[in-house]
Amino acid sequence: MTVSRAGHRWYASVLCKVATELPERPTRGQRERGRVGVDLGVKRLATLSKPLDPDDPASVFVANPRHLRHAEHRLAKAQRALSRTQKDSTRRAKARRRVARLHHEVAVRRNTVLRAITKQLTTRFAEVAIEDLNVAGMTRTAHGTIEAPGRRVKQKAGLNRSILDTSPGELRRQLTYKNHWYGSTLAVLDRWWPSSKTCSACGWQNPRLTLADRMFHCGNCTLTLDRDLNAARNIEQHAVALAHRPVAPGKAGDTKRPRSICKTTGPSGPVAGCDETGRHRRTRTGATSAERSADTPRHPGSRTGKAPISAQVRESPGRTREE
């Protein structure tokens with residue numbers, strides 16, 4: 001059990017080992033609905049190629065709650081009060097708890113909406129198609145340098161806050177494991193495919209389309225459609241499905257994580273440290289320290305064979321917590 005504190009609340013996370021049967025294929029209702037394309041955005045949290053509710057055509061648009069914007073006034077007031085307090089004072093500790101509580105409330109509300117929409121998508125459709133978004137690049141600052149200062153820095157900072165408030169990376173993370181839970185699959189569109197500039201009916205492309213154009217007008221088949229809805233239909237048509245990773249069974253009621261696949265390969269095959277299938281080699285259990293050191297490549301110019309601190313690459317462990 002892990003006990004943690006967030007804002008003004010305490011949480012106890014209990015890790016249990018259970019045996020459960022995961023569905024091998026979608027249900028009948030999921031197969032009838034088929035595939036759905038999801039276009040994430042800021043004006044709307046998501047735009048779907050098919051409505052969530054077949055009886056409600058307007059459910060193709062999922063509104064953006066904008067939790068951070070609604071809490072901006074209270075956060076600014078609390079942070080101003082915090083800046084006016086003296087360091088290491090009792091009132092400063094109270095003001096700091098107030099700011100932490102507001103941030104925690106925003107995070108909880110955002111997480112609630114994301115879990116609800118991902119649960120509906122994975123349980124109502126046999127396949128969910130999304131874009132491979134470069135969130136880090138989309139939210140990069142526009143300050144620039146001293147020689148080449150950026151333009152419209154304040155406006156870009158506001159756009160970055162709005163993008164991060166929608167949490168597109170967290171939405172994809174939840175879709176990844178929930179599709180495996182409920183028998184559906186996940187499909188991802190190529191990052192560089194122009195989904196917003198391509199007509200979903202005939203394939204004609206408009207390279208001059210800007211972010212200010214909220215309606216897509218096709219110059220070939222005269223299709224007029226909402227920009228995000230057109231992109232969602234393109235995502236549904238052109239996304240490539242990702243196969244489920246195999247799960248190796250262990251002891252009764254236990255499952256093991258699959259070995260990670262190397263993302264980069266050399267010109268003649270996988271990189272050093274991987275076998276011919278592209279998987280990381282593991283040292284066998286019970287190997288002595290001499291055997292393990294023999295399998296480890298020595299770094300030139302080092303007595304111990306290890307790379308100096310400046311040459312070592314820091315790796316942060318990935319998140320393992322799930323819903």
Side-chain angles (χ1 to χ4, degrees), residues 38-47 63-87 92 95-96 98-100 102-107 109-111 113-114 130-173 188-198 205-217 226-228 230-232 234-235 263-264 309-316 318-319:
V38 182
D39 178 67
L40 304 179
V42 175
K43 183 179 179 181
R44 306 183 186 95
L45 179 63
T47 303
N64 186 4
R66 301 181 185 271
H67 300 293
L68 185 60
R69 177 174 294 184
H70 292 163
E72 276 182 348
H73 178 71
R74 292 186 299 160
L75 278 171
K77 185 177 180 180
Q79 288 168 347
R80 283 196 299 265
L82 175 63
S83 65
R84 290 193 295 263
T85 57
Q86 295 182 0
K87 189 176 181 179
R92 186 176 183 85
R96 185 171 58 249
R98 169 68 175 170
V99 174
L102 291 175
H103 279 291
H104 178 61
E105 290 177 355
V106 171
R109 290 168 183 161
R110 182 189 299 118
N111 194 30
V113 173
L114 293 180
I130 60 176
E131 286 183 298
D132 184 19
L133 298 177
N134 182 15
V135 182
M138 294 165 56
T139 57
R140 187 173 291 115
T141 179
H143 282 294
T145 60
I146 298 178
E147 295 78 9
R151 299 174 53 191
R152 303 177 64 88
V153 178
K154 186 176 180 180
Q155 291 80 354
K156 184 61 169 63
L159 177 61
N160 292 348
R161 284 194 298 269
S162 299
I163 294 175
L164 293 175
D165 191 25
T166 60
S167 298
E170 175 64 16
L171 190 142
R172 176 173 176 174
R173 186 191 72 87
V188 179
L189 181 69
D190 180 31
R191 178 176 296 179
W192 308 110
W193 204 87
S195 59
S196 299
K197 300 181 179 180
T198 305
Q205 293 187 5
N206 181 13
R208 298 183 179 180
L209 189 71
T210 62
L211 292 176
D213 301 328
R214 304 313 307 172
M215 296 296 295
F216 180 85
H217 302 278
D226 181 84
R227 171 199 180 101
D228 298 333
N230 177 71
N234 282 324
I235 294 172
K263 294 184 178 180
T264 56
I309 296 178
S310 59
Q312 293 178 0
V313 180
R314 294 183 178 180
E315 296 182 357
S316 59
R319 297 185 60 182

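These numbers were taken from a predicted model, which means no experiment stands behind them.
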Checklist outcome for this item: When rounded to the nearest 0.5 Å, the distance separating CG of Asn230 from OG1 of Thr198 is 8.0 Å
Item to check | Closest non-hydrogen atom pair between Val135 and Gly169, with its separation | outcome: CG2-N, 4.4 Å
Next on the checklist: Test side chain to side chain contact (heavy atoms under 4.5 Å, CB included) on Arg227 and Lys43; report intermediate values, then the result.
Outcome noted: CA-CA 11 Å; Arg227 171 199 180 101; Lys43 183 179 179 181; over 6 Å; no
Checklist entry - Do Asp165 and Arg66 meet the salt-bridge criterion of a basic N to acidic O distance under 4.0 Å? => result no
Checklist entry - Are Arg172 and Leu133 close enough that some pair of their side-chain heavy atoms sits under 4.5 Å apart? => result no
Checklist entry - Given side chains that start at C-beta, do those of Val113 and Leu45 come closer than 4.5 Å, heavy atoms only? => result yes
Item to check | Min side-chain heavy-atom separation Ile130-Leu40 under 4.5 Å | outcome: no
Checklist entry - Can you pull the side-chain hydrogen bond (donor to acceptor under 3.5 Å, both in side chains) pairs that have at least one residue in residues 146-159, sequence neighbours excluded? => result Lys156-Asn160
Item to check | Verdict with supporting geometry, Leu164 and Leu68, side chain to side chain contact (heavy atoms under 4.5 Å, CB included) | outcome: CA-CA 10 Å; Leu164 293 175; Leu68 185 60; over 6 Å; no
Next on the checklist: Test your reading of the model: is there a side-chain donor-acceptor pair from Asp228 to the backbone of Ala46, 3.5 Å cut-off?
Outcome noted: no
Checklist entry - If you measure from OG on Ser196 to CD on Glu131, what distance do you get to the nearest 0.5 Å? => result 6.5 Å
Item to check | Ionic contact status for Asp39 with Arg44, cut-off 4.0 Å | outcome: no
Checklist entry - What distance separates Trp193 CH2 from Asp132 CG, expressed to the nearest 0.5 Å? => result 15.0 Å
Item to check | CZ (Arg140) with more than 12 external heavy atoms under 6.0 Å | outcome: no
Checklist outcome for this item: Rounded to the nearest 0.5 Å, the CG atom of Asp226 sits from the CZ atom of Arg214 at a distance of 7.0 Å
Checklist outcome for this item: With sequence neighbours left out, the residues meeting side chain to side chain donor-acceptor pair (under 3.5 Å) with Thr145 are none
Item to check | Side chains of Arg161 and Val42 in contact at under 4.5 Å (non-hydrogen atoms) | outcome: no
Checklist entry - How many angstroms lie between atom CZ of Arg109 and atom CG of Leu114, to the nearest 0.5 angstrom? => result 14.5 Å
Checklist entry - CG/Leu82 to CG/Leu75 distance, rounded to the nearest 0.5 angstrom? => result 11.5 Å
Item to check | Residues forming a side chain to side chain donor-acceptor pair (under 3.5 Å) with Asp213, sequence neighbours excluded | outcome: Thr210
Next on the checklist: Can you confirm whether His70 is buried at NE2, in the sense that more than 12 heavy atoms of other residues, nucleotides or ligands lie under 6.0 Å from that atom?
Outcome noted: yes
Item to check | Within 6.0 angstrom of Arg208 CZ, more than 12 heavy atoms from elsewhere | outcome: no
Next on the checklist: Tell me whether Arg173 is salt-bridged to Glu170, with the criterion being a basic N under 4.0 Å from an acidic carboxylate O.
Outcome noted: yes
Next on the checklist: Counting C-beta onward and ignoring hydrogens, is there a side-chain heavy-atom pair between Arg110 and Pro65 closer than 4.5 Å?
Outcome noted: no
Checklist entry - Donor-acceptor pair, Arg92 side chain versus Lys87 backbone, under 3.5 Å? => result no
